[in-house]
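The structure appears right after this line, and notes come after that.
Note on naming: letters A, B, ... go to the chains in the order of the sequence lines (proteins, then strands), and numbering restarts at 1 for each one.
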Amino acid sequence: MYLSRFPVTTLKETPADAEVISHQLMLRAGLIRRLASGLYSWLPLGLRVLKKVENIVREEMDSSGAVEVLMPSIQPAELWQQSGRWEQYGPELLRLQDRHGRDFCYGPTHEEIITDLANRELTSYKQLPVNYYQIQTKFRDEVRPRFGIMRAREFLMKDAYSFHLDQASLQETYDLMYQTYTSIFTRLGLDFRAVMAHSGAIGGSSSHEFHVLAESGEDAIAFSSDSDYAANIEKAETLPGNDQRAAAGADMQSIDTPGQHSIDEVSAFLKTEPSRCVKTLLVNGTEEGSVVALVLRGDHGLNEVKASHLDAVASPLVFASDEQIRKVAGCSAGSLGPVGLDIPVIADHAALQLADFICGANTDGKHLTGVNWERDCPLPVAADLRNVVDGDPSPDGKGTLSVVRGIEVGHIFQLGQKYSSTMDATVLDENGKSITMTMGCYGIGVTRIVAAAIEQNHDENGIIWPDAIAPFSVAIAPINFQNTDSVRETAIRLHDEFTAAGIEVLLYDQKARLGAMLADLDLIGIPHRIVIGERGLKDGNVEYKARAHDKGKDVPLADIVSLIKQALN
RNA sequence: CGGAGUGUAGCUCAGCUUGGUAGAGCACUACGUUCGGGACGUAGGGGUCGGAGGUUCAAAUCCUCUCACUCCGACCA
């Protein structure tokens, strides 16, 4: 491909509204342009990358035995009403009406549609199991679209749905999808982890997420040093510990702590560690109007998912209002403590191991020190309430946990009969008996993968594409292309040789100085680069440099094509 | 949803306090000189200053409304 025939518009300056590096680089390299909040156009260069990702996903899905379909992006409300999600889904669901006033939505996902389709197409156990997938545009009206393509409103997703006669068959396909996803992300050239996950709004039981590891990831994931254990931090359990705590060594005292509200403020004021304090959070209980206290060690963070799963706690988790707090505790949020609270109290295991701790006195401007469970207040119910932290023991008993950040790019679920039962999706078994099908669902964020790949592979000069998804494999930068015959002829000949060899090559045939060419090529991240100059040509050499490596080297012109062929294998 | 902020050329921004009819850099076009890591000169093209209304002899600038976008927060305890 000649650059003169393939419009690439790079930007020297970073557009002001791009925060994360992938968004900045995608705009600067001319991969995407923003149309409106959370909506992006893909320019030719970006689309080449997107197509590569899509093709790898498609090839691996096909080879797993899944079969491709394509369902409408606009979906009738009736099906969503049948599953109950028309009411459950909030404003994230983009609802619209046609000219007859009939309700529709732009699909954020396709469980309803596929279940309906399967119900029509699948009538016999002989047709099972089957795994339908599509690669298609979704729309979710995100509260806060951001990070460019990473959390856009409209995005491309591969979603697959499998149908089974029983759980054992589902488990088989689920395991197969786990393997398939592993192959996909491996082929994409990304550093990723599969982690146990919370199944969230889609429902179902077993679930794994696939994360591309990157500092800027929106999710925290925990994995063990000595075993395969890996889980989203939402899901990662803490071990109860031995429940032994030191004996009380101090008397309980009330201390004035004027204006000290947060744990950090209080612990600094009292010249101690946050881990010597407990924090008390009031949340709505299951019963209308009730309030429950959650107690954590000061340096630990509440895990809202775990908390909302407790029987006594309302789900989803809602924090008590200031009025409620004052009503049950008689103080503001900054002075809460478990001593003398006349509501259910649930404490995290780690908080229960403290002795002589510090907490709010339930009186504004006062905290208590030297507090001990049982002696000073009733022993609360114990629970796992907190997020795991670096160094916690692994829940499987092997090794310790590390917490890193990840970008969720894939998610597999066992849905069971959540949709098939409400939508009455059945087949006949070998005895002629009607059986409700068991389902699995498997998503991959195709557009998000592009952003995630950049988050993981870039330097100060721009993108460094993995070979598998680079828009072009090789770039040719000819010095003084217009005026130097030998350079021009060599460049064109190499271009043709690469093309003939089936290697995608971009020839920088536009008038530009070397520096400008190289800056552009670094920015757009083409993995292999050849500089052709009159000087090197005199010795029969061109310069070769891999984008990912520091130094270029002179290579005999005769060897360059085979050298790059090798590098690509 | 709550809070803060920003809308001026394709991009990054200045001008607004103190009203006088719009600028810079990058990008773009032409010509020339350059040409091994983002060249330089000369000459150009491009903006109803987000929109509507108001105040005024006069509004990018002041006032009101509106739209769009961005950021922060939604564990303070």
Side-chain angles (χ1 to χ4, degrees), chain A residues 9-20 23-24 27-28 30 33-39 90-91 143-148 257 259-267 274 277-283 291 293-296 298-305 307-308 316-322 324-326 328-329 331-338 341 348 358-364 366-367 385-387 461-462 477-484 487 511-523 529-538 541-543 545 551-552 554:
Chain A
T9 38
T10 57
L11 265 36
K12 213 176 268 187
E13 281 170 297
T14 305
D17 55 0
E19 264 208 300
V20 294
H23 189 196
Q24 294 173 0
L27 290 168
R28 285 190 51 210
R33 293 288 181 247
R34 195 185 72 99
L35 176 64
S37 178
L39 303 177
V143 192
R144 211 178 137 195
R146 57 184 145 174
F147 305 151
T257 50
Q260 313 299 314
H261 300 297
S262 69
I263 288 289
D264 285 345
E265 286 167 1
V266 170
S267 58
C277 305
V278 304
K279 60 176 148 188
T280 308
L281 312 167
L282 299 191
V283 300
V291 178
L294 304 176
V295 178
L296 292 161
D299 58 330
H300 286 153
L302 176 68
N303 183 311
E304 297 197 21
V305 173
S308 68
L317 194 78
V318 179
F319 283 89
S321 65
D322 289 346
Q324 281 175 300
I325 292 173
R326 193 156 288 281
V328 302
C331 65
S332 70
S335 302
L336 287 171
L341 265 190
D348 182 68
I358 295 160
C359 65
N362 296 325
T363 303
D364 283 336
K366 288 183 186 299
H367 279 76
L385 288 179
R386 67 178 176 94
N387 286 328
N461 295 323
I479 296 166
N480 215 346
F481 182 84
Q482 275 70 19
N483 301 324
T484 312
V487 169
K511 197 168 157 57
R513 297 160 68 90
L514 182 67
M517 284 193 277
L518 301 187
D520 271 348
L521 294 175
D522 282 349
L523 178 59
R529 187 186 80 192
I530 300 165
V531 174
I532 304 173
E534 206 173 8
R535 215 166 68 196
L537 236 36
K538 276 183 188 145
N541 289 332
V542 294
E543 186 210 88
K545 180 180 173 301
K551 287 215 184 288
D554 284 341

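Among rG25(B), rG37(B), rA77(B), the nucleotide with an atom closest to any side-chain atom of Arg529(A) is rG37(B). Distance from the side chain of Leu514(A) is smallest to rG37(B) among rC75(B), rC35(B), rG37(B). Of the candidate nucleotides rC69(B), rG37(B), rA77(B), rC69(B) has the atom lying nearest to any side-chain atom of Ser37(A). Distances were taken from every side-chain heavy atom of Arg146(A) (C-beta onward) to each of rC75(B), rC11(B), rC71(B); the shortest belongs to rC71(B). Set against rU12(B), rC71(B), rG38(B), the side chain of Ala16(A) has rU12(B) as its closest nucleotide. Side chain of Lys279(A), nearest nucleotide from rC13(B), rG38(B), rC75(B): rC75(B). Out of rG36(B), rG38(B), rG37(B), the shortest distance to the side chain of Ala519(A) is found at rG38(B). Nearest to the side-chain atoms of Leu336(A) among the listed nucleotides rG25(B), rA77(B), rU70(B) stands rA77(B). For Arg28(A), counting side-chain heavy atoms from C-beta on, the closest listed nucleotide (rG37(B), rG38(B), rU70(B)) is rG38(B). The nucleotide whose nearest atom lies closest to any side-chain atom of Lys12(A) is, among rU34(B), rC26(B), rG36(B), rC26(B).
Heavy atoms of Glu543(A) sit under 4.0 angstrom from at least one base atom. Using a 4.0 Å heavy-atom cutoff across all strands shown, Gly536(A) reaches at least one base atom of the nucleic acid. Heavy atoms of Asp17(A) sit under 4.0 angstrom from primed sugar atoms or phosphate atoms, though from no base atom. Among the heavy atoms of the strands, none lies under 4.0 Å from Val283(A). Within the nucleic acid shown, Thr14(A) comes within 4.0 Å of sugar-phosphate atoms alone, with no base atom in reach, counting heavy atoms only. Counting any heavy atom pair closer than 4.0 Å across all strands shown, Gly360(A) reaches no nucleic acid atom. Note on Ile263(A): only backbone sugar-phosphate atoms sit closer than 4.0 angstrom, heavy atoms only; bases stay farther off. Counting any heavy atom pair closer than 4.0 Å across all strands shown, Leu11(A) reaches no nucleic acid atom.
Between Ile479(A) and Thr484(A) the shortest heavy-atom distance is O-OG1, 4.3 Å.
Nucleotides rG3(B) and rC11(B) have their C1' atoms positioned 30 Å apart, rounded to a whole Å.
In this structure, rA4(B) and rU70(B) make a Watson-Crick or G-U wobble pair, each of the two defining distances being under 3.5 angstrom.
In this structure Asn387(A) satisfies the side chain to side chain donor-acceptor pair (under 3.5 Å) test together with Asn303(A), sequence neighbours excluded.
Contact between the side-chain N/O atoms of Arg513(A) and the OP1/OP2 oxygens of rG38(B) is not found at any separation under 4.0 Å.
Atom OG1 of Thr10(A) is separated from atom CG of Leu521(A) by 9.5 Å, given to the nearest 0.5 angstrom.
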